[in-house]
Colleague: 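Structure in structure tokens, see below.
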Amino acid sequence: MSDWIDFDRWPSCAQLERPGFVFEVRNGEGRNLLTTCSVPLQLPFDWTSPPVQFRLVAAPKPRRSNPIPPPQM
């Protein structure tokens, strides 16, 4: 993980992107969001305070879904 960066530098997030990594964005209430670089950042509807910091973190491992059941005959 990298150090936290002030959110006013978010427009330059494309220069920090790396394969296998995503951005963790934190707001003033301490809530976190994992996202790719998109300017402007689309915030969750329930965030009542603006983002204050972001950092580059390893992307979470994909979760496997349950196998698709065979068709019923």
Colleague: Roughly how far, to the nearest 0.5 Å, is the CD atom of Glu17 from the CG atom of Leu56?
Modeller: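 Interatomic distance, Leu56 CG to Glu17 CD, rounded to 0.5 Å: 8.5 Å.
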Colleague: Which pairs pass disulfide (SG to SG under 2.5 Å) with one or both residues in residues 39-73, sequence neighbours excluded?
Modeller: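 Sorted result for residues 39-73: empty, none.
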Colleague: Does any pair with a residue in residues 52-73 pass ring-ring contact (aromatic ring centres under 6.0 Å, His included), and if so which ones, sequence neighbours excluded?
Modeller: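 Only Trp10-Phe54, Phe23-Phe54 qualify under ring-ring contact (aromatic ring centres under 6.0 Å, His included).
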Colleague: Are Val52 and Leu16 in one and the same hydrophobic cluster, where Ile, Leu, Val, Met, Phe, Trp and Tyr link if side-chain heavy atoms are under 4.5 Å apart?
Modeller: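 Result: no, two separate clusters.
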Colleague: Looking at every heavy atom in both Arg55 and Asp3, which two are closest together, and how far apart are they?
Modeller: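 Here Arg55 and Asp3 meet closest at CB-O, 3.5 Å.
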Colleague: Any chance you could measure Glu24, atom CD, to Trp4, atom CH2, to the nearest 0.5 Å?
Modeller: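 Result: 4.0 Å between the selected atoms.
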Colleague: Report the C-alpha distance between Thr35 and Val22 in whole Å, list the side-chain angles of each, state the deciding distance to 0.1 Å, and finish with yes or no for side-chain contact (heavy atoms from CB on, under 4.5 Å).
Modeller: CA-CA 6 Å; Thr35 185; Val22 294; over 6 Å; no
Colleague: Would a single hydrophobic cluster contain both Phe21 and Val39, if residues Ile, Leu, Val, Met, Phe, Trp and Tyr are joined by side-chain heavy-atom contacts under 4.5 Å?
Modeller: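 Yes, because Val39 and Phe21 connect within a single hydrophobic cluster, where side-chain heavy atoms sit under 4.5 Å apart.
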Colleague: By side chain to side chain donor-acceptor pair (under 3.5 Å), which residues pair with Arg9, not counting sequence neighbours?
Modeller: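 Per chain and number, Arg9 pairs via side chain to side chain donor-acceptor pair (under 3.5 Å) with no residue.
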Colleague: Suppose the criterion is disulfide (SG to SG under 2.5 Å): which pairs have a residue in residues 2-63, not counting sequence neighbours?
Modeller: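 The answer is Cys13-Cys37.
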Colleague: Apply side chain to side chain contact (heavy atoms under 4.5 Å, CB included) to Pro40 and list each qualifying residue two or more places apart in sequence or on a separate chain.
Modeller: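 By the side chain to side chain contact (heavy atoms under 4.5 Å, CB included) rule, Pro40 matches no residue at all.
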Colleague: Can you pull the disulfide (SG to SG under 2.5 Å) pairs that have at least one residue in residues 39-73, sequence neighbours excluded?
Modeller: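 Every candidate disulfide (SG to SG under 2.5 Å) pair involving residues 39-73 fails, so no pair, neighbours aside, qualifies.
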Colleague: Are Ile5 and Val25 co-members of a hydrophobic cluster defined by side-chain heavy atoms under 4.5 Å apart?
Modeller: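 Val25 and Ile5: one cluster.
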Colleague: Extract all donor-acceptor atom pairs below 3.5 Å that involve side chains of residues 43-50 and protein atoms in other chains or at least two apart in sequence.
Modeller:
{"from": "Asp46", "atom 1": "OD2", "to": "Arg31", "atom 2": "NH2", "distance (Å)": "3.0"}
{"from": "Thr48", "atom 1": "OG1", "to": "Glu29", "atom 2": "OE1", "distance (Å)": "3.4"}
{"from": "Thr48", "atom 1": "OG1", "to": "Glu29", "atom 2": "OE2", "distance (Å)": "2.4"}
{"from": "Ser49", "atom 1": "OG", "to": "Asn27", "atom 2": "ND2", "distance (Å)": "3.4"}
{"from": "Ser49", "atom 1": "OG", "to": "Gly28", "atom 2": "N", "distance (Å)": "3.3"}
{"from": "Ser49", "atom 1": "OG", "to": "Glu29", "atom 2": "N", "distance (Å)": "3.3"}

